[in-house]
*Asks:* 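Dropping the structure in here first, questions after.
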Amino acid sequence: MTQRDPLDELNPSQREAVTHTEGPLLILAGAGSGKTRVITYRIAHLIRQKGVPPFEIFAVTFTNKAADEMKRRVAELIGPIGESVFVRTFHSAAVYILRRYGDRIGVPRAFTIYDAKDQETLIKDILLEMRLDPKKIKPSALASKISEIKDRAEMIEGADLSSLMPGYPGLNFSDLYREYQDRLSRSGALDFNDLLIKTVVLMRRSPESLTELQRRWRYFMIDEYQDTNHAQYLICKYLSSATRNLCVVGDDDQSIYSWRGADIRNILDFERDFDETKVVKLEENYRSTVPILDAAWHVIRNNVNRKEKRLRAVRGDGEPLTWCRANNEYGEAEYVVSTILSLKKKEALRNRDFAVFYRTNAQSRVFEEMLRRENIPYRVVGGLKFYDRKEIKDILAYLRLIANPADGVSLLRIINVPARGIGAATVERLRDTAYTAEITEWEVIARGLAIKGKVPAGITSFKKIIERGMAASALVPETMKLSAMVRELIEATSYRENLEEENSVESRSRLENIEEFINSVYEYEARYPDAALDRFLQEISLLTSEESPDAEGPDPLNSITLMTVHNAKGLEFPVVFLTGMEEGIFPHFNSSDTDAGIEEERRLCYVGITRAMDRIFLTGAEMRRSYSGLSYKEPSRFIAEIPAATMDVREYGEGGYSAPVRDSLPFNGPYPGAVTSAVALNPTGGNGSRFRTREAVLHPKYGRGRILAIEGGGDNVKITIVFGNGDKKTFLEKYTPLQKL
DNA sequence: TTGAGGCTTTCAACA
DNA sequence: AAAGCCTCAA
């Protein structure tokens with residue numbers, strides 16, 4: 001059988017990276033330099049040419065989705081055997097390791113993973129116990145402080161911890177930290193940082209576990225190495241120390257997660273750290289046209305703290321960049337949408353070819369509104385995860401409590417959901433009882449201990465529900481399927497019945513989400529026939545919104561993509577809109593006071609620009625409304641860093657809200673296509689409202705109704721609606737997502 | 001003591 | 001828009 005050698009499809013440096021299989025290897029891979037291809041080919045090469053069994057290869061990617069994609073591509077090269085390569089994210093690899101060996105360092109097998117929200121709940125709880133006001137000291141700030149400390153090398157290496165503990169007026173941070181860790185451990189829970197830290201601890205305290213792991217994996221590949229933190233660095237180091245076959249891939253210009261503890265020194269010092277490191281640079285860019293790469297370079301070269309390098313464009317010249325400053329955020333969105341419409345008309349582009357990037361999730365709203373108005377399908381990546389929705393979190397809390405009865409955060413979440421007559425006072429006494437007896441809340445309930453002299457009826461029925469769930473889950477997977485158990489539990493809670501009774505637009509959508517959740521359990525079961533509850537819960541808590549059940553909109557292949565620049569890492573699109581290019585937004589206000597902060601924002605901007613294959617539109621607004629009010633915005637400094645001569649500059653002034661529409665023409669640049677599409681857009685009417693009286697509308701919560709009156713103006717348009725049942729209600733237009741019927 | 005409804009506040013990026 | 005806090009009726 002003759003087959004083309006895959007190596008023929010690579011350039012010399014790519015080939016070098018693929019064939020250098022033994023010993024430490026550092027691949028400095030610029031944006032668009034065929035990095036993923038190198039990694040997949042290298043895995044294929046190890047298996048096919050070097051005879052390495054696939055299960056001996058350990059690869060880390062940034063998201064679970066990227067991991068699946070990598071497996072798929074390897075399988076494409078060498079057949080289904082490629083599926084057995086171990087490809088995961090760091091966090092999911094840590095879960096894998098801790099499930100097997102965690103008990104050796106006191107991590108229970110069915111540990112619960114606390115996400116940022118759970119962390120906050122727990123901290124708020126601790127603050128209340130300490131008689132501190134969570135309104136004065138924000139739990140979210142404390143949670144991120146705790147994460148920040150845990151990410152630091154000093155935390156793991158045990159240097160002077162007290163220096164890390166910040167001062168808060170009226171709060172001893174060390175006490176809080178200790179209590180937080182104590183509560184996690186008593187709840188059998190780990191936060192995201194702990195997943196990594198405990199894995200390091202395991203490798204240090206249990207050499208025999210490390211030896212077993214080293215026997216299992218012999219080749220290691222780490223993608224996005226510039227974004228690893230200290231714990232991740234140590235995991236790489238320990239795992240690879242037996243064979244020294246550690247290959248890391250990264251680009252210091254694309255380091256954008258220092259706020260999550262990423263330490264750029266990991267990549268900068270790699271050569272010094274690992275003896276006899278082979279370094280391969282991939283500097284040929286196959287993705288973007290010359291103007292795009294030029295602009296990206298002109299931005300990133302302003303960073304002092306970087307290795308000097310410049311990508312070579314393999315593709316030729318292309319369209320110039322466009323910089324458009326609109327009057328406000330609505331104008332910006334109109335410009336983006338009208339440009340998409342006109343480009344689609346002119347060229348054979350599909351919706352999936354377009355991406356709109358923004359710095360903060362909150363910016364997506366206006367784009368969504370505009371795309372919906374124009375009936376253009378879109379999908380929002382990131383933002384609220386499916387598993388973050390209230391009804392799903394409730395069901396998950398039940399499941400988590402069943403899998404791990406020590407999980408206090410989950411218990412307190414659902415003890416009275418749906419309402420069963422257990423109020424704040426009862427909960428308070430339950431906790432007192434537990435605290436005094438030094439047992440968990442669940443134990444108090446399970447043992448039927450008296451709360452305020454008797455056992456309240458609500459507590460008894462709660463106990464029955466959980467016990468019914470526990471009994472069912474004990475049968476999983478041998479005699480009962482996971483999905484059947486989940487159904488049984490939902491049945492026991494009467495969660496569905498309660499929503500059915502409510503019978504609102506909102507409750508119907510919640511019911512649909514619960515259906516969708518059950519479907520996702522079926523899917524999981526199909527993939528892992530011996531699916532058990534604890535493992536299912538651990539895996540879904542690591543999923544991103546992209547990987548959640550309903551991430552796919554009406555037709556994912558035919559949708560425009562909306563996402564933050566952070567989420568865009570590793571992706572590419574023919575047409576990119578990099579929006580909100582304003583001082584205070586991008587670079588973000590909170591990063592603007594230090595050089596390091598600005599340099600990271602600049603790298604983020606570089607990442608955004610280099611996602612574009614053929615065209616990029618940079619946009620911004622002159623005025624923008626945020627929660628703090630209306631404010632004037634200077635163009636981002638990054639715009640000034642791109643040579644003006646290489647950009648097509650224009651203004652857009654049609655965007656309608658209260659701000660006065662500027663005198664300038666909608667388009668003062670020579671971009672003919674965009675004008676035609678203005679027809680499709682429907683600027684707001686006289687008082688700034690997009691509605692008229694007597695018009696039929698759909699309210700997300702109250703359903704169909706008819707507009708009775710529109711009062712006020714500017715951003716304070718009030719709309720009064722009569723609903724089908726005769727109810728009259730008034731809403732502020734800016735906060736109410738009314739749909740025309 | 002509970003639960004519903006209204007008023008206020010909040011938004012930086014993520015596994 | 002959504003969550004949290006507060007108030008008030010039952």
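Note that the structure is predicted; figures quoted are calculated from it, not measured. Proteins come first, then strands; the chains are lettered A, B, ... in the order of their sequence lines, and each starts at number 1.
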*Asks:* Verify, without hydrogens or angle tests, whether A:Arg420 (side chain) and A:Ile415 (backbone) share a donor-acceptor contact under 3.5 angstrom.
*Replies:* yes
*Asks:* Any strand is fair game: report the nucleotide pairing with C:dA9 by Watson-Crick or G-U wobble, both distances under 3.5 Å, or none.
*Replies:* B:dT2
*Asks:* Among A:Arg603, A:Arg306, A:Arg602, find the one that has a side-chain hydrogen bond (donor to acceptor under 3.5 Å, both in side chains) with A:Asp253.
*Replies:* A:Arg306
*Asks:* Measuring to OP1 and OP2 of B:dA12, would you say a side-chain N or O of A:Thr564 lies under 4.0 angstrom away?
*Replies:*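 Looking at the OP1 and OP2 atoms of B:dA12, neither is under 4.0 Å from any side-chain N or O of A:Thr564.
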*Asks:* Would you say A:Asn193 reaches B:dA15's phosphate, i.e. side-chain N/O to OP1/OP2 under 4.0 Å?
*Replies:*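 For B:dA15, OP1/OP2 do not have a side-chain N/O of A:Asn193 under 4.0 Å.
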*Asks:* With a cut-off of less than 4.0 Å, is there a side-chain N or O of A:Thr426 near OP1 or OP2 of B:dT2?
*Replies:*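 It does, given that an N or O in the side chain of A:Thr426 lies less than 4.0 Å from OP1 or OP2 of B:dT2.
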*Asks:* Without decimals, in angstroms, what is the distance between A:Leu190 CG and B:dA15 P?
*Replies:* 19 Å
*Asks:* Does A:Asn361 have a side-chain nitrogen or oxygen under 4.0 Å from the phosphate oxygens OP1 or OP2 of B:dC14?
*Replies:*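 For B:dC14, OP1/OP2 do have a side-chain N/O of A:Asn361 under 4.0 Å.
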*Asks:* Closer than 4.0 Å, any side-chain N/O of A:Arg429 to the OP1 or OP2 of B:dT1?
*Replies:* yes
*Asks:* Is any side-chain N or O of A:Asn567 closer than 4.0 Å to OP1 or OP2 of B:dC14?
*Replies:*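 True: A:Asn567 side-chain N/O within range (under 4.0 Å) of B:dC14 OP1/OP2.
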*Asks:* Round to a whole Å and report the spacing from NZ of A:Lys117 to C1' of B:dC11.
*Replies:* 12 Å
*Asks:* Describe the nucleic acid contact of A:Asp115 in one word from base, sugar-phosphate, nothing, applying a heavy-atom distance below 4.0 Å.
*Replies:*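 Here A:Asp115 touches no strand at all.
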*Asks:* Contact class for A:Ala419 vs. all strands (heavy atom < 4.0 Å): base, sugar-phosphate, or nothing?
*Replies:* sugar-phosphate
*Asks:* Mapping A:Ile422 and A:Lys138 onto DNA chain B by nearest heavy atom, which one lands closer to the 5' end?
*Replies:* A:Ile422
*Asks:* Measure the shortest side-chain to side-chain distance between A:Tyr632 and A:Glu582 over non-hydrogen atoms and say whether it is less than 4.5 angstrom.
*Replies:*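 They are not in contact (no side-chain heavy atoms under 4.5 Å apart), so the answer is no.
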*Asks:* Give the rounded distance in Å between these two atoms: CD of A:Glu329 and P of B:dC11.
*Replies:*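 It works out to 19 Å between those atoms.
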*Asks:* Hey, does the side-chain of A:Ser591 have a donor or acceptor N/O within less than 3.5 Å of a partner on the base of B:dA12?
*Replies:* yes
*Asks:* Please classify the nucleic acid contact of A:Tyr257 as base, sugar-phosphate, or nothing, using heavy-atom distances under 4.0 Å.
*Replies:* sugar-phosphate
*Asks:* Write down the distance between CD1 (A:Ile256) and P (B:dA12), rounded to a whole number of angstrom.
*Replies:* 18 Å
*Asks:* Will you find, in the side chains of A:Gln119 and A:Lys124, an N or O donor that is under 3.5 Å from an N or O acceptor?
*Replies:* no
*Asks:* For A:Trp259 and B:dA13, is the gap between ring centres under 5.5 Å while the planes differ by less than 30°?
*Replies:*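 A:Trp259 vs B:dA13: stacking yes.
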*Asks:* Do we see A:His588 stacking on the base of B:dA12, given a limit of 5.5 Å between centres and 30° between planes?
*Replies:* yes
*Asks:* Under 3.5 Å, is there a donor-acceptor pair between the side chain of A:Glu224 and the main chain of A:Thr61?
*Replies:*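 No, because the side chain of A:Glu224 does not come within donor-acceptor range (under 3.5 Å) of the backbone of A:Thr61.
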*Asks:* Would you mind classifying the nucleic acid contact of A:Ala424 as base, sugar-phosphate or nothing, using non-hydrogen atoms under 4.0 angstrom?
*Replies:*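 Sugar-phosphate: the residue A:Ala424, judged by heavy atoms under 4.0 Å, touches backbone atoms but no base.
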*Asks:* So which nucleotide from B:dA12, B:dA15, B:dC11 ends up closest to the side chain of A:Arg260?
*Replies:* B:dA15
*Asks:* Return the nearest nucleotide to the side chain of A:Ala425; candidates are B:dT1, B:dC14, B:dA15.
*Replies:* B:dT1
*Asks:* Examine A:Tyr358 together with A:Phe577 and report whether their ring centres are nearer than 6.0 Å.
*Replies:*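 Not under 6.0 Å, so no.
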*Asks:* Let me know, please, whether A:Leu542 or A:Thr360 comes out on the 5' side of the other along DNA chain B by nearest nucleotide.
*Replies:*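 Going by which nucleotide is closer to the 5' end, it is A:Thr360.
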*Asks:* Rounded to the Å, how far apart are A:Asp151 CG and B:dA15 P?
*Replies:*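 Answer to the nearest Å: 14 Å.
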*Asks:* Given C:dC5, is OP1 or OP2 found less than 4.0 Å from the side-chain N or O atoms of A:Lys124?
*Replies:*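 It does, given that an N or O in the side chain of A:Lys124 lies less than 4.0 Å from OP1 or OP2 of C:dC5.
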*Asks:* Among B:dC14, B:dA12, B:dA15, which nucleotide sits nearest the side chain of A:His566?
*Replies:*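 Given the options B:dC14, B:dA12, B:dA15, the side chain of A:His566 is closest to B:dC14.
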*Asks:* Take atom CG of A:Asp593 and atom P of B:dA12, then tell me their distance rounded to the nearest Å.
*Replies:*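 Going from A:Asp593 (CG) to B:dA12 (P), I get 14 Å.
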*Asks:* Considering Watson-Crick and G-U wobble pairs with both distances under 3.5 Å, what does B:dC11 pair with?
*Replies:*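 Matched B:dC11 with nothing under the 3.5 Å cut-off.
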*Asks:* I need the NZ-P distance between A:Lys569 and B:dA12, as an integer number of Å.
*Replies:*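 Answer to the nearest Å: 21 Å.
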*Asks:* Do any side-chain nitrogens or oxygens of A:Asn64 fall under 4.0 Å of OP1 or OP2 in B:dA15?
*Replies:*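 Negative; the distance criterion is not met.
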*Asks:* Decide whether A:Glu600 and A:Ser258 meet the rule of one side-chain donor and one side-chain acceptor closer than 3.5 Å.
*Replies:*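 The criterion, which ignores hydrogens and geometry beyond distance, is satisfied for A:Ser258 and A:Glu600.
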*Asks:* Roughly, in whole Å, what's the span from CD in A:Gln119 to P in B:dC14?
*Replies:* 15 Å
